[in-house]
Amino acid sequence: MDPPFDSSASVAEILRARYARRLPNSLMELAGPVQGRVALPLHVVWSGLRVYDLDRPRQRMGLYRTVLTEGQRDDLVAFLHRDLLLAQWPDLRTLISRHICVVWEEAFPELAHRASSRP
């Protein structure tokens, strides 16, 4: 549950705080599947594509984007995998909101490093 609204906080601060509360303690907690079909629950994706094939790069990217945007902490751990997140991060970071990107890169410097070392 979100804390009471603080009228002095900016929208960016509110969004970043909301995404930060969802973060796992470390990327090592992300032990989701690395292949096959994955069905996301309705609380993560309530319309459109719900089943993603991780063996198809575009669908895998779509699943990661959806889970990063809409998932809660348990969803992040259940559906994301550390190695896939790191591998996709340079492209994935351009598909998610700036607020999500900042929160994840501040919490996990290896993501920011991955993005900056992209050829």
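Along the sequence shown, residues carry numbers from 1.
With contacts defined as side-chain heavy-atom distances shorter than 4.5 Å, the pair P90/R114 qualifies. Between V67 and L76, the closest side-chain pair of non-hydrogen atoms falls below 4.5 Å. Side-chain contact check for L92 versus L68: some heavy-atom pair is nearer than 4.5 Å. Contact of the L23 side chain with the V103 side chain is registered, since non-hydrogen atoms from C-beta on lie closer than 4.5 Å. V45 is not listed as a side-chain neighbour of E70, based on a closest heavy-atom distance of 4.5 Å or more. The shortest side-chain heavy-atom distance between R58 and Y52 does not fall under the 4.5 Å cut-off.
Note that the OG1 atom of T94 and the CZ atom of R65 stand 9.0 Å from one another [nearest 0.5 Å]. A distance of 11.5 Å separates CG of D91 from CD1 of I96, quoted to the nearest 0.5 Å. A distance of 7.5 Å separates CZ of R16 from OG of S10, quoted to the nearest 0.5 Å. A distance of 10.0 Å separates CD of E29 from CG of D74, quoted to the nearest 0.5 Å. Annotation: the span from M61 atom CE to L63 atom CG amounts to 11.0 Å, rounded to 0.5 Å. Rounded to the nearest 0.5 Å, atoms CD1 (I14) and OH (Y19) are 12.5 Å apart.
Judged as a salt bridge (Lys or Arg N to Asp or Glu O under 4.0 Å), and not counting sequence neighbours, the contacts of R93 are E105. Applying the ring-ring contact (aromatic ring centres under 6.0 Å, His included) criterion to F108, with sequence neighbours excluded, gives W104.
Side-chain heavy atoms closer than 4.5 Å link hydrophobic residues (I, L, V, M, F, W, Y) into clusters, and following such links, possibly through other members, connects F79 to L86. L49 and L95 fall within a single hydrophobic cluster, where Ile, Leu, Val, Met, Phe, Trp and Tyr side chains are chained together by heavy-atom contacts under 4.5 Å. Linking ILVMFWY side-chain heavy atoms closer than 4.5 Å, directly or via other members, places L84 and V51 in two distinct hydrophobic clusters.
Across A78 and P33, no two heavy atoms sit closer than the pair O-CD, 3.4 Å. Closest heavy-atom contact between L27 and R82: O-CB, 3.3 Å. Shown here for L30 and P24, the closest heavy-atom pair between the two residues is CD2-CG, 3.9 Å. Nearest heavy atom pair, residue R60 against residue L54, reads NH1-O, 2.7 Å.
At most 12 heavy atoms of other shown residues, nucleotides or ligands fall within 6.0 angstrom of atom CZ in R56. Other residues, nucleotides and ligands contribute more than 12 heavy atoms inside 6.0 Å of the CZ atom of R22.
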Exercise for the section: Starting from the C-alpha separation in whole Å, work towards a yes-or-no answer on side chain to side chain contact (heavy atoms under 4.5 Å, CB included) for V44 and Q72. Expected result: CA-CA 8 Å; V44 176; Q72 297 300 313; over 6 Å; no
Practice task
Please test Y64 against H81 for side chain to side chain contact (heavy atoms under 4.5 Å, CB included), starting from the C-alpha separation and ending with a verdict.
Solution key: CA-CA 9 Å; Y64 274 64; H81 189 277; 3.6 Å; yes
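The side-chain hydrogen bond (donor to acceptor under 3.5 Å, both in side chains) analysis of residues 35-48, with sequence neighbours excluded, yields the pairs H43-D75.
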